[in-house]
Student: 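Here it is, the structure in full.
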Amino acid sequence: MKYYFDWKKNIDEDELNIVIEVLKKDGLVLVPTETVYGIAANACSNEACLKIFKAKNRAQDNPLIIHVSDKNMINSIAEKPNEIEEKLINAFMPGPFTLILKKKKIICDVASCNMPTIGVRMPSNKIIHEIISKSNIPIAAPSANISGRPSGTNVNDIIRELSDKLDVIIDGGECKIGIESTVVKVASDGIPEILRPGFITEDDIKNVIGSVKLSDKLFKKVNKDEKVESPGMKYRHYAPSTECVLIKFDQNQIKKVNEILSRNPNSCVLGFSEDLKYININKDKFINMGSKNNLNEISHNLFSSLRKIDTMNVQLAIIEGVKKENFGLSIMNRLVRAASNNVV
Ligand code: TXA
Ligand code: MG
């Protein structure tokens with residue numbers, strides 16, 4: 001790392017100019033967004049985007065999301081959206097939402113992995129917005145983590161993993177939402193399909209468009225050679241090194257946790273604050289995700305909680321799941337993958 005900028009309180013104009021210079025020279029910048037931190041580079045430069053793939057050890061066929069500051073920039077990087085796509089843009093941008101559109105040539109082939117489409121996202125976070133609008137550079141930014149690991153939602157977690165690969169680190173505090181954007185592609189029948197669930201839910205999209213479908217791959221293990229709409233679906237994701245088991249949300253959830261604990265005493269539990277008193281575990285082996293009645297809190301804490309598992313020095317992590325509906329479905333999508341589909 002060459003520069004560390006603390007922008008938790010405000011954006012420093014001189015430092016902003018340095019960030020823009022680094023981006024113009026194909027450097028990598030750690031930037032906060034409202035979802036998770038991103039490793040940002042100039043989306044028009046093959047060289048810059050190659051550095052992202054190297055830093056993350058990312059599969060060569062997994063394209064990067066392109067971040068813009070406004071609608072004009074969408075038009076400069078993607079072909080004209082159809083009526084349904086236009087409605088989605090108006091409803092959910094800026095915000096935690098990524099729309100797959102046909103790409104224009106200005107976006108480099110490394111960023112799009114030679115696909116004819118790109119994921120376009122207009123973040124609402126002020127810091128990344130300022131960087132894009134002042135530089136006028138579309139920004140390629142994947143989540144800030146080594147591929148396969150939980151995404152980074154605060155600078156401390158990320159520095160340990162990536163600091164030697166970054167030219168600038170911008171500290172914007174903790175990311176508000178905590179899980180990545182909802183990725184949507186409008187199918188040829190005009191129905192939006194959710195390729196990755198996020199804060200913008202099935203119901204939110206249905207309310208705007210009238211119809212929506214969920215990809216049938218969201219909770220499946222996908223074979224590396226399988227053809228999928230979104231390459232990210234194929235890869236191991238969010239997984240701690242420690243073995244994990246995810247307990248479905250139901251009336252017997254706490255009972256199941258205790259049963260597994262009695263058979264596996266060297267475990268930690270990733271659970272809800274109100275359940276601690278019913279779970280037979282030492283407080284220091286309990287990682288609190290928040291209240292089970294507050295999905296926003298759980299989402300906010302999710303990735304840093306998953307990262308804590310590997311610091312616990314245990315053989316097994318027992319994870320309490322949430323109800324698989326609305327925003328809970330997006331949280332479960334991450335947890336099922338973190339547990340490598342080991343769900344009971
Ligand atoms: O919230 C977010 O989206 C964060 C922040 C930094 O903006 N970014 C992020 O990027 O999560 P990443 O690279 O970790 O995930 C991008 C996902 C992958 O699953 C990828 O396969 C999918 O978006 N994707 C990107 N371009 C695509 C395309 N043209 N068609 C289908 N899926 C695409
Ligand atoms: Mg990612």
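Indexing begins at 1, ligand by ligand and atom by atom, following the structure's order.
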Student: Quick one: nearest non-hydrogen protein atom to atom 19 (O) of ligand 1, plus distance?
Tutor: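 Protein heavy atom with the smallest distance to atom 19 (O) of ligand 1: Gly232 CA, 3.3 Å.
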Student: Quick one: nearest non-hydrogen protein atom to atom 8 (N) of ligand 1, plus distance?
Tutor: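 That would be Ala141 O, 3.6 Å.
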Student: State whether the number of non-hydrogen atoms from other residues, nucleotides or ligands found under 6.0 Å of Lys248 atom NZ is greater than 12.
Tutor: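 For Lys248, atom NZ is not crowded (no more than 12 foreign heavy atoms under 6.0 Å).
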Student: Output the list of atoms in ligand 1 that are nearer than 4.0 Å to some heavy atom of Ile65, sorted by atom number.
Tutor: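 Numbered from 1, ligand 1 contributes 3 (O), 9 (C), 10 (O), 16 (C), 23 (O).
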Student: Rounded to the nearest 0.5 Å, what separates atom OG1 in Thr242 from atom CG in Leu270?
Tutor: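 With rounding to 0.5 Å, OG1 (Thr242) is 11.0 Å from CG (Leu270).
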Student: To which protein heavy atom is atom 9 (C) of ligand 1 closest, and what is the distance rounded to 0.1 Å?
Tutor: Ser143 N, 3.6 Å
Student: Tell me the protein heavy atom at minimum distance from atom 13 (O) of ligand 1, and give that distance in Å.
Tutor: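 For atom 13 (O) of ligand 1, the nearest protein heavy atom is Arg58 NH2, 2.9 Å.
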Student: Check each atom of ligand 1 against the heavy atoms of Ser181 and keep those under 4.0 Å away; list them by number with element.
Tutor: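 Near Ser181, meaning under 4.0 Å from one of its heavy atoms, ligand 1 has 1 (O), 2 (C), 3 (O).
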Student: Could you tell me whether some N/O pair between Asn62 and ligand 1 is separated by less than 3.5 angstrom?
Tutor: yes
Student: Does any N or O of ligand 1 fall below 3.5 Å from an N or O anywhere on Arg121, backbone included?
Tutor: yes
Student: Does the N or O separation between Lys56 and ligand 1 drop below 3.5 Å for any pair?
Tutor: no
Student: Indicate, as side chain, backbone, both or neither, the part of Ile118 found under 4.0 angstrom from ligand 1 when only non-hydrogen atoms are considered.
Tutor: backbone
Student: Can you pull out the closest protein heavy atom to atom 15 (O) of ligand 1? Residue, atom name and distance to 0.1 Å, please.
Tutor: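 Result for atom 15 (O) of ligand 1: Arg196 NH1, 3.1 Å.
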Student: Is Met233 near ligand 1, meaning one of its heavy atoms is under 4.0 Å from it?
Tutor: no
Student: Need the ligand 1 atom indices (1-based, order shown) with element for anything under 4.0 Å from a heavy-atom of Glu180.
Tutor: 1 (O), 2 (C), 11 (O)
Student: With a sphere of 6.0 Å drawn around CD of Glu79, does it hold more than 12 non-hydrogen atoms of other residues, nucleotides or ligands?
Tutor: yes
Student: Please state whether the rings of Phe92 and Phe97 are parallel, tilted or perpendicular, taking 30° and 60° as the class boundaries.
Tutor: tilted
Student: Should the proximity of Thr35 to ligand 1, defined as any heavy atom under 4.0 Å, be assigned to the side chain, the backbone, both, or neither?
Tutor: side chain
Student: For the pair Asp275 and Lys292, find out whether any cationic side-chain nitrogen is under 4.0 Å from an anionic carboxylate oxygen.
Tutor: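 The answer is yes: the pair qualifies as a salt bridge.
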Student: Given the rule in the side-chain contact (heavy atoms from CB on, under 4.5 Å) test, do Leu246 and Met332 qualify, once you have shown the distances and angles that lead to the verdict?
Tutor: CA-CA 9 Å; Leu246 175 62; Met332 282 302 274; 3.8 Å; yes
Student: Would you mind telling me if ligand 1 is within reach of the side chain of Glu229, the backbone, both or neither, using heavy atoms under 4.0 Å?
Tutor: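 Contact part for Glu229 vs ligand 1: backbone (N, CA, C, O).
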Student: Quick check for you: within a radius under 2.8 Å, how many protein N, O or S atoms neighbour the Mg ion (ligand 2)?
Tutor: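 My tally for this metal is 1.
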Student: In the protein, which heavy atom is nearest to atom 4 (C) of ligand 1, and how far is it?
Tutor: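 Going by distance alone, atom 4 (C) of ligand 1 is nearest to Val36 CG2, 3.8 Å.
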Student: Counting only heavy atoms closer than 4.0 Å, does ligand 1 sit against the backbone of His67, its side chain, both, or neither?
Tutor: side chain
Student: Assess whether atom NZ of Lys256 is packed by more than 12 heavy atoms of other residues, nucleotides or ligands within 6.0 Å.
Tutor: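 Count over threshold, so yes.
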Student: What protein heavy atom sits nearest atom 32 (N) of ligand 1, and how far off is it?
Tutor: Ser230 OG, 2.9 Å
Student: Rounded at 0.5 Å granularity, tell me how far OG in Ser147 sits from NZ in Lys56.
Tutor: 5.0 Å
Student: Please tabulate, for the side chains in residues 191-198, all donor-acceptor contacts under 3.5 angstrom to protein atoms that are two or more places apart in sequence or on a different chain.
Tutor:
| from | atom 1 | to | atom 2 | distance (Å) |
| --- | --- | --- | --- | --- |
| Arg196 | NE | Ser181 | O | 3.0 |
| Arg196 | NH2 | Ser181 | O | 3.1 |
| Arg196 | NH2 | Ser181 | OG | 3.2 |

Student: Applying a strict 4.0 Å limit to heavy atoms, is Lys103 in contact with ligand 1?
Tutor: no
Student: What atoms in ligand 1 come closer than 4.0 Å to a heavy atom of Thr117?
Tutor: 28 (C), 29 (N), 30 (N)
Student: Measure across Ala111 and Cys49 and return the closest heavy-atom pair with its distance rounded to 0.1 Å.
Tutor: CB-SG, 3.8 Å
Student: Does Phe219 have Lys324 sitting over its ring (NZ/CZ under 6.0 Å from centre, angle to axis within 45°)?
Tutor: yes
Student: Do Glu274 and Ser291 pass the side-chain contact (heavy atoms from CB on, under 4.5 Å) test, and can you show the C-alpha distance, the side-chain angles, and the key distance before you say yes or no?
Tutor: CA-CA 6 Å; Glu274 50 271 79; Ser291 164; 3.0 Å; yes
Student: Quick one: does Leu30's side chain get under 4.5 Å of Val168's, heavy atoms only?
Tutor: no
Student: Less than 3.5 Å between some nitrogen or oxygen of Ile100 and one of ligand 1, yes or no?
Tutor: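 Such a contact does not occur with ligand 1.
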Student: Kindly check if the number of other-residue, nucleotide or ligand heavy atoms within 6.0 Å of CG (Asn136) is above 12?
Tutor: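 Counting neighbours around CG of Asn136, 12 or fewer heavy atoms of other residues, nucleotides or ligands fall under 6.0 Å, so no.
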Student: Nearest 0.5 Å, please: how far is NZ in Lys80 from CD in Glu85?
Tutor: 10.0 Å
Student: Among Gly198, Pro63, Ala59, Gly38, which one has a heavy atom closest to atom 25 (C) of ligand 1?
Tutor: Pro63
Student: List the atom of Ala141, the atom of Ala40, and the distance in Å for their closest heavy-atom pair.
Tutor: CB-CA, 4.1 Å
Student: Working note: Arg121 + Glu34, criterion salt bridge (charged side-chain N to carboxylate O under 4.0 Å, His left out); need CA distance, chi angles, decisive distance, verdict.
Tutor: CA-CA 12 Å; Arg121 163 152 144 73; Glu34 68 276 26; 3.1 Å; yes
Student: Counting only heavy atoms, which portion of Met115 has something under 4.0 Å from ligand 1: side chain, backbone, both, or neither?
Tutor: side chain
